[in-house]
Amino acid sequence: MSTPEVPQHAQILVIGGGPAGSYAATLLQREGHEVVLLEAAKFPRYHVGESMLPSLRNYLRFIDLEEDFVKHGFLPKPGASFKLVHGIRESWTDFTALGPGYGTWNVIRSEMDDMMLRHAAKQGVKVFEETRVESIDFAGDPASSRPIAAHWSNKQGAKGRITFDWLVDASGRNGVMSTKYLKNREMRESLRNVAVWGYWKGIKRYGEGTKRQYSGWFEALTDEQGWSWTIPLHDGTTSIGVVMHISASNAKKAQPKEDGQKPTLTEHYMDQLQYLPGVRDLIGEKGEFIPGSTKSAADYSYSATAYSGDHFRIIGDAANFVDPFFSSGVHIAMTGGLSAATTICASIKGEADEKTAQAWHDAKLGIAHTRFLFVVLGAYQQMHLQSAPILSDVNADNFDKAFEMFRPVIYGLADSQKKLTDEKVQDMMDVCQSFFDPYVGEEHVIAVRQRYGPEYIKFEGPVLGKDKIGEIVGDNNEMDERVLRKFDALKVFSDDVEATYMERNVLLGYRAKVEKGDLGLKKASDVKVEDEPKERDTRELLVASHVNVTAV
């Protein structure tokens with residue numbers, strides 16, 4: 001059988017077949033558009049990032065792929081445990097508190113990504129693997145005009161040019177549009193980290209025999225130079241990684257061994273285990289490192305000044321990346337995929353003009369990125385890896401709309417000052433640090449509920465802010481304040497649990513329409529009361545007990 005040829009034209013061209021590209025392509029094809037996807041690699045292919053968020057199930061459900069994941073055999077992930085400060089108990093995040101539909105998985109990404117790409121093809125997306133986009137043609141200046149065609153080459157030596165009406169750039173860290181043409185990517189110095197990781201067999205599972213079984217284990221290094229992940233996988237292996245700032249990593253790598261030679265990457269990796277007592281306990285006597293499995297990645301925290309332009313959208317790692325700590329990559333990828341599809345559909349149907357659709361996409365990705373950024377910075381501060389915030393790293397100009405929505409979560413409704421300052425960045429980090437407070441247990445949550453009423457500790461309850469919390473608690477004990485601050489931090493993610501929750505908030509006067517066959521945007525003034533999104537009853541489970549429900 002002859003290999004299908006890349007067509008000369010596509011209504012929508014998607015560059016990249018990872019979670020962002022596959023998700024966007026599936027949605028757009030399902031809406032009746034002709035989609036061509038060009039992927040440089042041959043799937044399945046290796047990719048790091050095995051720890052998923054609870055939102056994954058709901059995003060998959062929206063494209064009718066959830067059941068395939070359930071049947072595949074991925075290791076169920078009920079939550080995650082954080083040991084950010086040694087000498088006190090770890091903090092555990094219980095995903096299942098949201099209900100039975102919110103447990104997620106630890107995945108082998110080569111298998112997960114392959115499933116998503118094949119699903120896109122089943123929907124009718126024309127998928128071409130081992131086909132690399134070499135360059136893009138524009139109607140005029142690439143910095144200000146519309147992209148109109150892409151030049152490609154494949155492994156068989158063929159080359160060609162494909163014109164398109166719309167472009168979705170999901171090309172991963174290479175970020176064709178941002179790095180090659182727009183040149184608007186900005187690296188984040190405070191999170192300029194290096195990760196080194198490898199795979200093991202025979203590792204004990206954290207929480208084995210308990211509700212916490214198969215949860216990820218995240219532990220700070222005792223030398224306060226970084227943190228680690230331990231993620232069990234369904235093939236019997238365990239991913240163990242160490243992350244630290246590049247300056248700390250380089251300093252450690254420069255230390256010679258006893259024979260005067262510099263350590264290899266694997267030797268450097270193994271040396272970090274001395275600072276990880278919890279990981280060493282899981283390795284135990286039976287844990288065995290898989291030779292040749294050591295890998296490393298660096299300089300992966302970045303954002304951009306915009307994620308869209310005339311008839312194009314940028315999503316996934318091509319757009320931005322925060323840090324591996326909070327497992328946000330796939331979540332933001334799917335959020336971006338849904339936002340790209342929604343705004344493209346809205347523009348095509350005339351529900352919003354193209355500039356408004358672009359601005360909506362920029363704002364949505366900015367909000368998702370900013371939420372995770374500040375929680376990561378708060379966690380890093382707790383681990384003493386982040387002392388003073390750097391406002392330039394936060395990129396306030398880029399995230400004006402994000403801060404506009406994010407601010408009430410941190411300050412309550414009283415704050416009217418829109419200008420972001422170093423002091424406010426610090427306030428955000430302080431509140432988000434409360435997310436991981438290990439001193440807050442279920443008994444404290446129950447006590448606060450009984451003392452002040454359930455409305456203050458509902459996941460969907462009112463945002464309080466530090467001043468309101470002070471008024472409520474008064475001279476009562478410090479623990480009450482810690483509980484309320486933790487719930488305020490949780491509310492940062494109240495809109496990140498389900499795909500359809502993208503409808504909840506108004507951006508630039510528009511709400512998203514997240515409905516199969518009718519993706520798009522709707523003016524907020526056109527939304528009737530009966531059209532308002534309804535909350536799931538299962539979310540009320542949060543009132544009674546669990547504190548951490550939507551973290552890593």
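- Residues passing the ring-ring contact (aromatic ring centres under 6.0 Å, His included) test with Y181 are F138, sequence neighbours excluded.
- For residues 8-28, the ring pair (Phe, Tyr, Trp, His ring centres under 6.0 Å) pairs, not counting sequence neighbours, are Y23-Y59.
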Run the side chain to side chain contact (heavy atoms under 4.5 Å, CB included) test on I469 and R485 for me, step by step, so that the C-alpha distance in whole Å, both residues' side-chain angles and the decisive distance to 0.1 Å come before the verdict. CA-CA 7 Å; I469 289 174; R485 284 174 67 86; 3.7 Å; yes
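- Without hydrogens or angle criteria, K183 side chain to S178 main chain gives no donor-acceptor distance under 3.5 Å.
- Judged by distance alone, the side chain of S22 and the main-chain N or O of G17 form a donor-acceptor pair under 3.5 Å.
- Annotation: ring-ring contact (aromatic ring centres under 6.0 Å, His included) contacts of W152 (sequence neighbours excluded): none.
- Partners of K513 according to the side-chain hydrogen bond (donor to acceptor under 3.5 Å, both in side chains) rule, which considers only residues two or more places apart in sequence or in another chain, are E351, D518.
- By the 30° and 60° cut-offs, the orientation of the rings of F74 relative to H72 is tilted.
- Side-chain contact between W166 and H311: present, with at least one pair of heavy atoms (C-beta onward) separated by less than 4.5 Å.
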What do the steps show when you test Y302 against R188 for side chain to side chain contact (heavy atoms under 4.5 Å, CB included), and what is the final call? CA-CA 5 Å; Y302 52 86; R188 184 170 291 111; 5.8 Å; no
Evaluate V36 against I12 for side chain to side chain contact (heavy atoms under 4.5 Å, CB included), listing each step before the verdict. CA-CA 6 Å; V36 173; I12 301 172; over 6 Å; no
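- Contact check for K522 versus Y510: no side-chain heavy atoms found under the 4.5 Å cut-off.
- In this structure, CE on M112 lies 5.5 Å from CE on M116, to the nearest 0.5 angstrom.
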Passes side-chain hydrogen bond (donor to acceptor under 3.5 Å, both in side chains), D323 versus S301? Steps please. CA-CA 6 Å; D323 189 80; S301 185; 5.7 Å; no
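- Partners of R109 under the side-chain hydrogen bond (donor to acceptor under 3.5 Å, both in side chains) rule, at least two apart in sequence or in another chain, are D113.
- Remark: side-chain polar atoms of R449 are not paired, donor with acceptor, to backbone N or O of Y456 under 3.5 angstrom.
- Contact check on R161 versus D137 returns a salt bridge, with a Lys/Arg side-chain nitrogen under 4.0 Å from an Asp/Glu carboxylate oxygen.
- A pairwise comparison of heavy atoms in R61 and N58 identifies NH1-OD1, 2.9 Å as the closest pair.
- H47 meets the ring-ring contact (aromatic ring centres under 6.0 Å, His included) test with no other residue; sequence neighbours excluded.
- Here the side chains of S347 and D353 are not in contact, with every heavy-atom distance at 4.5 Å or above.
- Applying the salt bridge (Lys or Arg N to Asp or Glu O under 4.0 Å) criterion to R146, with sequence neighbours excluded, gives no partner residue.
- To the nearest 0.5 Å, atoms OG1 (T335) and CZ (R371) are separated by 9.0 Å.
- Taking a cutoff of 4.0 Å between a charged side-chain nitrogen and a carboxylate oxygen, K486 and D437 do not qualify as a salt bridge.
- Residues K77 and S51 are in side-chain contact: their nearest non-hydrogen atoms beyond the backbone lie under 4.5 Å apart.
- V322 places none of its side-chain heavy atoms less than 4.5 Å from the side chain of V375.
- Between the side chains of Y307 and N320, a donor-acceptor pair is found at a separation under 3.5 Å.
- Side chain of N174 to backbone of V176: no donor-acceptor contact under 3.5 angstrom is found.
- Scanning both residues, V127 and A121, for their nearest heavy atoms gives CG2-CB, 4.0 Å.
- Nearest approach of H369 to S303, heavy atoms of both residues: NE2-CB, 3.9 Å.
- The two residues L377 and S190 make their nearest non-hydrogen contact at CD2-OG, 4.4 Å.
- Residues passing the side-chain hydrogen bond (donor to acceptor under 3.5 Å, both in side chains) test with S171 are D169, sequence neighbours excluded.
- Between V473 and L484, the closest side-chain pair of non-hydrogen atoms falls below 4.5 Å.
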So F312 and V168, side chain to side chain contact (heavy atoms under 4.5 Å, CB included) or not? Walk me through it. CA-CA 6 Å; F312 73 86; V168 176; over 6 Å; no
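- Using a cutoff of 4.0 Å between basic side-chain nitrogens and carboxylate oxygens, R511 and E503 are not scored as salt-bridged.
- The shortest distance between side-chain heavy atoms of L53 and T104 does not fall below 4.5 Å.
- The aromatic rings of F325 and F436 stand perpendicular to each other, their planes meeting at an angle above 60°, with 30° marking the opposite boundary.
- L519 and L338 get closest at one heavy-atom pair: CD2-CD1, 4.2 Å.
- The salt bridge (charged side-chain N to carboxylate O under 4.0 Å, His left out) analysis of residues 15-33, with sequence neighbours excluded, yields the pairs R30-D64.
- For T26, the side-chain hydrogen bond (donor to acceptor under 3.5 Å, both in side chains) criterion is met by no residue, not counting sequence neighbours.
- Shown here are the side chain to side chain contact (heavy atoms under 4.5 Å, CB included) partners of T343, two or more places apart in sequence or in another chain: R313, S339, A357, W360, H361, L521.
- For E34, the salt bridge (Lys or Arg N to Asp or Glu O under 4.0 Å) partners at least two apart in sequence or on another chain are K126.
- Annotation for H33 and C345: closest pair NE2-SG, 3.8 Å, computed over non-hydrogen atoms.
- Contact check for F164 versus P147: side-chain heavy atoms found under the 4.5 Å cut-off.
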Pair H331, F372 - check ring pair (Phe, Tyr, Trp, His ring centres under 6.0 Å), show working. CA-CA 10 Å; H331 171 83; F372 284 99; 5.4 Å; yes
